[in-house]
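Let me begin by presenting the structure, written as structure tokens, before commenting on it.
By convention here, the first residue in the shown sequence is residue 1. Counting starts at 1 for both ligands and their atoms, in listed order.
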Amino acid sequence: MIVEQNVPLQAHNSFGIVAKARTLVRVAGEADVQQLLADPQLAASPKFVLGGGSNIVLTGDVKPVVLKVEVMGRRVLEDGPRATVIEAGAGENWHELVTWTLAQGFPGLENLALIPGCVGASPVQNIGAYGVELQDRFESLDAMDLATGRVFTLDAAQCAFGYRDSVFKHEAAQEGDFGLSGRAIILRVRLRLPKPWKPVLGYADLERKMNETGVRQPAAQQVYDWVCAIRSNKLPDPRVIGNAGSFFKNPTVSQDQCTDIIAREPGIVHYRMADGSVKLAAGWLIDACGWKGKSVGNAGVYDKQALVLVNRGGATGGEVVTLARAIQTSVYERFGIRLEPEPVVV
Ligand code: EPU
């Protein structure tokens, strides 16, 4: 185990915010965590698990001990008639895993191409795009309890997946409660890619690609290429412009609330869900309030997609948070809807 002090984190958060980890420990496997827990001082310190840093806003130096997840490895566990099961280390880059599975001839993750971040973060917020969520391909994961060092395995039901949500985003108020936030580190994730492969094409942007190209039965590689093109066109590349993807979740309202809002705002983009509720496009709400292209200090609203906040160069976490709060206030004042942030403010 190597313990580093005062480690710059700018390259380890996709917003590109300047901050330091007071203490950082790289975790390549179980042994590193076990050694850390054997050190009385480190064991007693609060801990913060850092993956690809694509869903955090750093508002200052990180005081808890940062566990930088670097568990690597990808392998095919099972290639049966009904599915291929693959396993990847939590530190693997998510997009590279998607690309690798396709190159191996195992389709199923193509709609989730180009999502920034690492494999270990994918179940935490149940990443999703273009009609597929991680939970649709999830088999199980191995994690380690940060208090006891015990390794445990969770299936999909135990992860309690929801829209951009899982057991890893909830804090347990008391022992035995639901909630693993801050209490566990994900080590490995297993994914089940069903056979025969069927493309997921219902999403409007993909239908547009089918109509434009005339390709009605795309191969997985074609869907992957389309998703990459759609995302590159709409979302800023974090290596060029710092950002954390969608900054807010798309809010859900009841059918009655939606009827009210539509009466006032007929243009509102909304999707009916299977349970009768209605999801509203947060990007549309923010855009309608005139936020596209606006800034607070060096933090701004991306000019091609109002749901994405960006670092225009040298932004602080405080500026990002101030901008986010101002957006929440104006969306609430106009529509009566509270937007919930997606990234974790640290
Ligand atoms: N819209 C506007 N103005 C904007 C932005 C969007 O009018 O500035 C409208 C669009 O025209 C569209 C609707 O809002 O009709 C929805 O926009 P889009 O299709 O771009 O999807 P989204 O709801 O903004 C969600 C996910 C993305 C995911 C895409 C594709 C959330 C919070 N975001 O975005 O996920 O890639 O759908 O499935 O659910 C992420 O979580 O970081 C992320 C990028």
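- The presence of a protein heavy atom under 4.0 Å from atom 10 (C) of ligand 1 is ruled out.
- Nearest protein heavy-atom contact of atom 33 (N) of ligand 1 is S246 OG, 2.9 Å.
- Comment: R188 engages E30 in a salt bridge, judged by a side-chain N to carboxylate O separation of less than 4.0 angstrom.
- Residues E139 and R192 are paired through a salt bridge, judged by an N-O separation under 4.0 Å between the basic side chain and the carboxylate.
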* Give the C-alpha distance, both sets of side-chain angles, the deciding distance and a yes or no for side chain to side chain donor-acceptor pair (under 3.5 Å) between Q221 and W226. => CA-CA 9 Å; Q221 186 63 42; W226 283 343; over 6 Å; no
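- Of all atoms in ligand 1, numbered sequentially from 1 with element shown, those under 4.0 Å from a heavy atom of G245 are 42 (O).
- Of the protein's non-hydrogen atoms, the one nearest atom 24 (O) of ligand 1 is Q305 NE2, 3.0 Å.
- Closest heavy-atom approach to atom 12 (C) of ligand 1 among the candidates Y130, W284, F248, Y271: Y271.
- Proximity of R164 to ligand 1 is established by a heavy-atom distance of less than 4.0 Å.
- In terms of protein heavy-atom proximity, atom 25 (C) of ligand 1 is nearest to N250 ND2, 4.1 Å.
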* Asked: Does the pair Q125 and D165 meet the rule for a side chain to side chain donor-acceptor pair (under 3.5 Å), with working shown?
  -> CA-CA 5 Å; Q125 62 153 354; D165 197 27; over 6 Å; no
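- Of the charged side-chain nitrogens involved, none lies within less than 4.0 Å of a carboxylate oxygen, so that R164 and E340 do not count as a salt-bridged pair.
- At a heavy-atom cutoff of 4.0 Å, ligand 1 is contacted by the side chain of A281 but not by its backbone.
- Ligand 1 has no N or O atom lying under 3.5 Å from any N or O atom of L235, backbone or side chain.
- Comment: R334 engages E265 in a salt bridge, judged by a side-chain N to carboxylate O separation of less than 4.0 angstrom.
- An N or O contact shorter than 3.5 Å links E342 to ligand 1 by distance.
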* Intermediate values then yes/no, side chain to side chain donor-acceptor pair (under 3.5 Å), D79 and T84 -> CA-CA 4 Å; D79 190 19; T84 307; 2.9 Å; yes
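- Closest to atom 22 (P) of ligand 1 by heavy atom, among L307, D287, L339, is L307.
- Closest approach of N126 and G162 over heavy atoms only: ND2-O, 2.8 Å.
- Interface of A129 with ligand 1, defined as ligand atoms under 4.0 Å from a residue heavy atom, comprises 36 (O), 38 (O).
- Taking a 4.0 Å cut-off on heavy atoms, R231 registers as neighbouring ligand 1.
- Not a single N or O atom of K249, backbone or side chain, sits closer than 3.5 Å to an N or O atom of ligand 1.
- Residue Y203 holds the heavy atom nearest to atom 29 (C) of ligand 1 of all those in Y203, F247, Y163.
- V269 CG1, 3.5 Å is the protein heavy atom nearest to atom 15 (O) of ligand 1.
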* To do: Step by step, work out the side chain to side chain contact (heavy atoms under 4.5 Å, CB included) result for T153 and R190.
  => CA-CA 10 Å; T153 299; R190 286 174 287 277; 3.6 Å; yes
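- Contacts between K234 and ligand 1, counted as non-hydrogen atom pairs separated by less than 4.0 Å, involve the side chain only.
- Between K249 and E342, none of the side-chain N atoms (NZ, or NE/NH1/NH2) sits under 4.0 Å from a carboxylate O, so this pair counts as no salt bridge.
- When only non-hydrogen protein atoms are considered, atom 8 (O) of ligand 1 lies nearest to A306 N, 2.8 Å.
- Proximity to K292 (heavy-atom distance under 4.0 Å) selects the following atoms of ligand 1: 8 (O).
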* Asked: Should E96 and T99 be marked as a side chain to side chain donor-acceptor pair (under 3.5 Å) after you check the CA-CA gap, both sets of side-chain angles, and the distance that decides it?
  -> CA-CA 5 Å; E96 282 169 19; T99 309; over 6 Å; no
Table please: side-chain donor-acceptor pairs of residues 58-66 below 3.5 Å, with sequence neighbours left out.
from, atom 1, to, atom 2, distance (Å)
T59, OG1, V346, O, 2.7
D61, OD1, K20, N, 2.8

